**Q** 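For reference, the structure I am asking about is given below.
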Amino acid sequence: MTSELSKTFDPASIEARWYRHWEDNGLFRPERPDAQPFTIVNPPPNVTGSLHIGHALDNTLQDIVIRYERLRGKDALWVVGTDHAGIATQMVVERQLEERQDKRTNYSREDFVKKVWEWKEESGGTITTQLRRLGCSMDWSREQFTMDPHFSDAVLKVFVDLYNDKLIYRDKRLVNWDPKLKTAISDLEVETQDIPGQFWHFKYPLADGIKLDDGRDYIEVATTRPETMLADMAVAVHPDDDRYKSVVGKEVILPITGRKVPIVADEHADPELGSGAVKITPGHDFNDFEVGKRAGIAAGDMLNMLDAEANVCQTADGLVPEEYLGLHRFKRDGVDGARELVIQRLKEQGFLIPHVTKTKKGEEVELDSEPRTIATPFGDRGGVVIEPWLTDQWYVDAEKLAQAPMQAVRDGDIEIIPQSWEKTFFHWMENIQPWCISRQLWWGHRIPAWFGPDGEVFVAETEQQAIDLALQHYNAEAGRSLTVEVLEAASVKHGNKEIGWVGEARDTSDTPSPSNTVILRRDSDVLDTWFSSGLWPFATLGWPDENAPLYQKHYPNDLLISGFDILFFWDARMAMQGMHFTGKAPWKRLYLHGLVRAADGSKMSKSKGNVVDPLGLIDQYGADALRFFMAAMESQGRDIKMDDERVKGYRNFATKLWNATRFCQANGITASTTLEAPAAGHAVNKWIIGEVTETLAKLDTAMADLRFDAAANIIYHFTWDTFCDWYIELIKGNFDEETKAVAGWVLDQILVMLHPFMPFVTEELWGAQGDRANYPLITAKWPDFDAGVDADAKAEVEWLIGLTGAVRGAKNELGIPPGQKLDAYCEAPSALAADAIARNAAAIERLARISTIHTSTAPEGAAMQIGAGTDTLVIPLEGLIDIDAEKARLTKALEASTKEVKSLEGRLGNANFVERAKPEAVEKAKADHAHHGAEVERLTAALERLG
RNA sequence: GGGCGUAUAGCUCAGUGGUAGAGCACUGUAUUGACAUUGCAGGGGUCGGAAGUUCAACUCUUCCUACGCCCA
């Protein structure tokens, strides 16, 4: 009942067909209500994304695990979906508008968001089709999106609950502001790069005629960002710095603005660095912000000199000269900015201290500034320099949320693999900073917070609940009955004067609100995308409904596989939110893999143009080959270098299996009918069943340890070396019923064991091997049999293999044609040899090309001597060989064995070794010594015989 | 500056306190019935350097060098 396989294996012709079959028949998650659950959630790719090589690795590993567990009978659930990817998606749609000379702000927020949804429906989720090409068996029937209604509800609940628990709060402090995207970003989204820059030195004149002890009437400060001096609010010196002790508490008059600012003592100023005095711009520098606070400046009083696009605006004290207003912070697109103008003016006015240096010729020259490498923060999305900017944002108290996950890792409730990542995890968690979660975007989960006219904030899951909270609050305060109206922020012109605490309320149509109305406006910001994706392991399963069947059964997840690059972004946040809201670690094990690098070891990037497209590799070599490559290369704790040749090698492996199956079919070897191994009498069949037993055990161990490389290599070598090169060769010419049954069974075990790695070709071959009664491989049963290893059969076959190898090697070295058949003599064969010879004459003739092994003395004359186990075979070669060549061969082998014997003798003669080494080690040394000693004897005798 | 990782055959990588392996590449060889996307055989490594612990170190410890990553 086999179906004939085509002569050549063509991956493309089977992949799409099988994938459709699996998906259409619901085979990715068959009904298994009573089975033990096994759950993985897929890191949701950006809905804007397309499959890159990193996805290929990440998803291949997950698919291997999920297919393995499915085969083992578990209710294996692989949750899949896409992430709305706030900034990335908004940028995609904005770029499209730009192409049409259109822009986001030409639309209302509502209309723009509608456009994004339209884009998402039409073009989003390209990656989900691409994951299918890789063969990934996720549960598409429950595909999720982070902005699905149920998921969004969960996000709102989480925000509100964390707010009520005081774990989310609003704060005015410096954020990392991206002036290109005009939004705050979290510190994780900032990438610091060293770039060449400059260091300028200024004179800040002391006020009120004061002088330093050395007589100078100014303090020298230095900066890499001169433009910020427009918002300077202090000069700091170290409290112990004697040079400045006399002026602490006095003032300087800033050039340009004329602002009088104090000289404060603060340990932030490093006396060893430059002049020891530093200018302090609390509104535009993280360190200065802290210094400012220590100096008693409230965040709300800190001067701001930049707008959202990092153009200069007037400070609250109105001291920035007109000519600076509107300039960009620094030179951009060839146009000078505030920085350049500040330097020019300071130089003109004599406040710039030149940098004196020497040319190569030793001449002294004066430069405006000192060249210096500056660690500069860039936004990972927008790619422009990040501006520390003073704003009101929402923060998560990450420090509190981090405690439970750390404990979970310490207690082993979460196992991080490889373990070496634990240190990194702890280091970050222990030093975690407040997490800024508000983003000034239109696309995303809108923050469920409504502001009243007095700045009071009402956080609730629904608008009505917010209104109710507001009514309670204001009615109590006003002592009378008010109504509440919610307006978009843009529509609110003023607060409500009538009730007494703020101005007049009007909507944009200039319709005054009734005097007893309180106006609420909803926070216009959205949440950081990672805030929502942190809920992925449980909100995808029905949480917050804790009775949801999927949540009950599949949470906590068993395993999470992700790249180490998102350990902080995503994994740690899932752990924080998961533990806070469910009380349980979201997964038992966290497996972190590395990056896929270009063939030369460099990081792949679009700008370098060295990106490898996994779909191209699939076209060229097949999905199975690419998957196998990923698995075989995935050792723990190392990046993977791309190697097309290796992918090609695994394509060849699939072809090898294809051809082996064709051979089986041609000889009447078909699908097995039992899980148990067939009864076997022939040694070769008993042997191969034992080999399957051993392979399965090794494979299960590797899978349990998540050693993908080991698992792939085990099944690779069993298939190719053991099954194809030895077993099939050994059974050729003897296809009796027993052998056919065993061979068919072994081939089936291979297909099952290989299926997680190479799902397509194995499914095709499985189907072709026979009518499986609508029993596809994807939902077949993992090998489950009780056969053990037959030691006698193993010894016999290994004797045959040893003999064959020895004969082939000797012939090759002596230049005897490999096909030439010879006779051999084994005068006094061991019991093993006698049995092996008696029972395997045909195989010996076919593989070792020995026609007959005589159990008599070999005739006189030139002969070669072959060792097989403990036996020696003499093969007369009268006239066939060059005696010298044979002598050379034997001498070489004798030297090797002699060397071993000597080394082992040395060890065994060492009393310390014999007394102190492990008994096994001593036993092994003795056995090795005996073996090599015998070899020496055998080879010496052989040489003597040759004269 | 702090932390982590890596260094093993020409290349890409496994590996164990008992004397080193795989794939590819290379060399030789084989072709009328599974497979040249193949078979058979072979060459090739003082396991980055130094010291220490040990009967024994590629493996454990310390130091050094080089490269990479993360954090400040």
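First the proteins, then the strands, lettered A, B, ... as listed; each starts at 1. This one's a predicted model, so the numbers in the text were calculated from it and none came from an experiment.
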**Q** Looking at residues at least two apart in the chain, or sitting in another chain, which of them share a ring pair (Phe, Tyr, Trp, His ring centres under 6.0 Å) with A/W799?
**A** none

**Q** Go along nucleotides 12-19 of chain B 5' to 3' and tag each nucleotide: B for a protein heavy atom under 4.0 Å from its base, S when only backbone or sugar atoms are that close, - otherwise.
**A** BSSS--BB

**Q** Taking B/U54 as the reference, what is the distance to B/U16 when you measure between their P atoms (whole Å, please)?
**A** 24 Å

**Q** Rounded to whole angstrom, note down the C1' distance from B/U59 over to B/A14.
**A** 14 Å

**Q** With sequence neighbours left out, write down each residue that passes side-chain hydrogen bond (donor to acceptor under 3.5 Å, both in side chains) with A/R646, or none if nothing qualifies.
**A** A/Y650

**Q** Could you tell me how far apart A/F564 (CZ) and B/C69 (P) are, to the nearest whole angstrom?
**A** 10 Å

**Q** Taking ring-ring contact (aromatic ring centres under 6.0 Å, His included) as the criterion, tell me which of A/Y621, A/F628, A/F9 meets it with A/F653.
**A** A/F628

**Q** Atom CZ of A/F568 to atom C1' of B/C69: distance rounded to whole Å?
**A** 11 Å

**Q** Just the rounded figure in Å: distance from C1' of B/U37 to OH of A/Y621.
**A** 11 Å

**Q** Looking only at atom P, what distance separates B/G42 and B/C35, rounded to whole Å?
**A** 25 Å

**Q** Under the rule for side-chain hydrogen bond (donor to acceptor under 3.5 Å, both in side chains), what residues qualify as partners of A/R707, not counting sequence neighbours?
**A** A/D709

**Q** Check the distance between B/U37's C1' and A/L657's CG and give it to me in whole angstrom.
**A** 13 Å

**Q** Kindly write out the residues that satisfy ring pair (Phe, Tyr, Trp, His ring centres under 6.0 Å) with A/F718, not counting sequence neighbours, or none if the list is empty.
**A** none

**Q** B/G5 phosphate, OP1 or OP2: any side-chain N/O from A/W421 under 4.0 angstrom?
**A** no

**Q** Could you list the residues that satisfy side-chain hydrogen bond (donor to acceptor under 3.5 Å, both in side chains) with A/D528, not counting sequence neighbours?
**A** A/W435, A/R439

**Q** Any chance you could list the contact pattern along nucleotides 28-36 of chain B? Use B for base contacts, S for sugar-phosphate-only contacts and - for none, protein heavy atoms under 4.0 Å, 5' to 3'.
**A** B-----BB-

**Q** For B/U31 and B/U37, measure between their C1' atoms and round to the nearest Å.
**A** 16 Å

**Q** More 5' along RNA chain B: A/W726 or A/D194, using each one's nearest nucleotide?
**A** A/W726

**Q** Looking at A/R627 and A/T60, would you say the former's side chain and the latter's main chain have a donor-acceptor pair under 3.5 Å?
**A** no

**Q** Heavy atoms only, 4.0 Å cut-off, all strands: where does A/K892 land among base, sugar-phosphate and nothing?
**A** sugar-phosphate

**Q** Which pairs of donor and acceptor atoms, one on a side chain in residues 655-667 of chain A, lie under 3.5 Å apart (sequence neighbours left out)?
**A**
residue, atom, partner, partner atom, Å
A/T655, OG1, A/R651, O, 3.1
A/W658, NE1, A/S6, O, 2.9
A/N659, OD1, A/R662, NH1, 3.0
A/N659, ND2, A/T655, O, 3.2
A/T661, OG1, A/L657, O, 2.8
A/R662, NH1, A/K7, O, 3.2
A/Q665, NE2, A/S3, O, 3.4
A/Q665, NE2, A/A768, O, 3.1
A/Q665, NE2, A/Q769, OE1, 3.2
A/N667, ND2, A/F663, O, 2.8

**Q** Between B/U54 atom P and A/N912 atom CG, what is the distance in whole Å?
**A** 11 Å

**Q** Please list, chain by chain and in numerical order, all residues satisfying side-chain hydrogen bond (donor to acceptor under 3.5 Å, both in side chains) with A/N734, sequence neighbours excluded.
**A** none

**Q** Can you tell me, in whole Å, how much space there is between the P of B/C71 and that of B/A9?
**A** 32 Å

**Q** Say we look at B/G45 and B/C11: how far apart would their P atoms be, to the nearest angstrom?
**A** 13 Å

**Q** When you match A/R651 and A/D721 each to their closest nucleotide on RNA chain B, which lands nearer the 5' end?
**A** A/D721

**Q** Return the value, rounded to whole Å, for the distance between atom CG of A/L908 and atom P of B/A56.
**A** 15 Å

**Q** Can you run through RNA chain B from 5' to 3' and write each base as (, ), [, ], | or . depending on how it pairs? Watson-Crick or G-U wobble, both distances under 3.5 Å.
**A** (((((((..((((....[..)))).(((((.......))))).....(((((..]....)))))))))))).

**Q** From CZ of A/F629 over to C1' of B/C11, roughly how many Å is that when rounded to an integer?
**A** 13 Å

**Q** So A/F723 and A/Y727, would you call those rings parallel, tilted or perpendicular, with 30° and 60° as cut-offs?
**A** parallel

**Q** Between A/D928 and A/K924, does any side-chain N to carboxylate O distance fall below 4.0 Å?
**A** yes

**Q** Does A/N176 have any side chain to side chain contact (heavy atoms under 4.5 Å, CB included) partners at least two apart in sequence or in another chain, and if so, which?
**A** A/I185, A/D187, A/V190, A/F286, A/I386

**Q** Kindly write out the residues that satisfy side chain to side chain contact (heavy atoms under 4.5 Å, CB included) with A/K603, not counting sequence neighbours, or none if the list is empty.
**A** A/L595, A/R597, A/K608

**Q** Determine the Euclidean distance between corresponding P atoms of B/G39 and B/C24; express it in Å to zero decimal places.
**A** 9 Å

**Q** Quickly work out the A/E189 CD to B/C71 P distance and round it to whole Å.
**A** 13 Å

**Q** Sticking with atom C1', work out how far B/C58 lies from B/G49, rounded to a whole angstrom.
**A** 14 Å

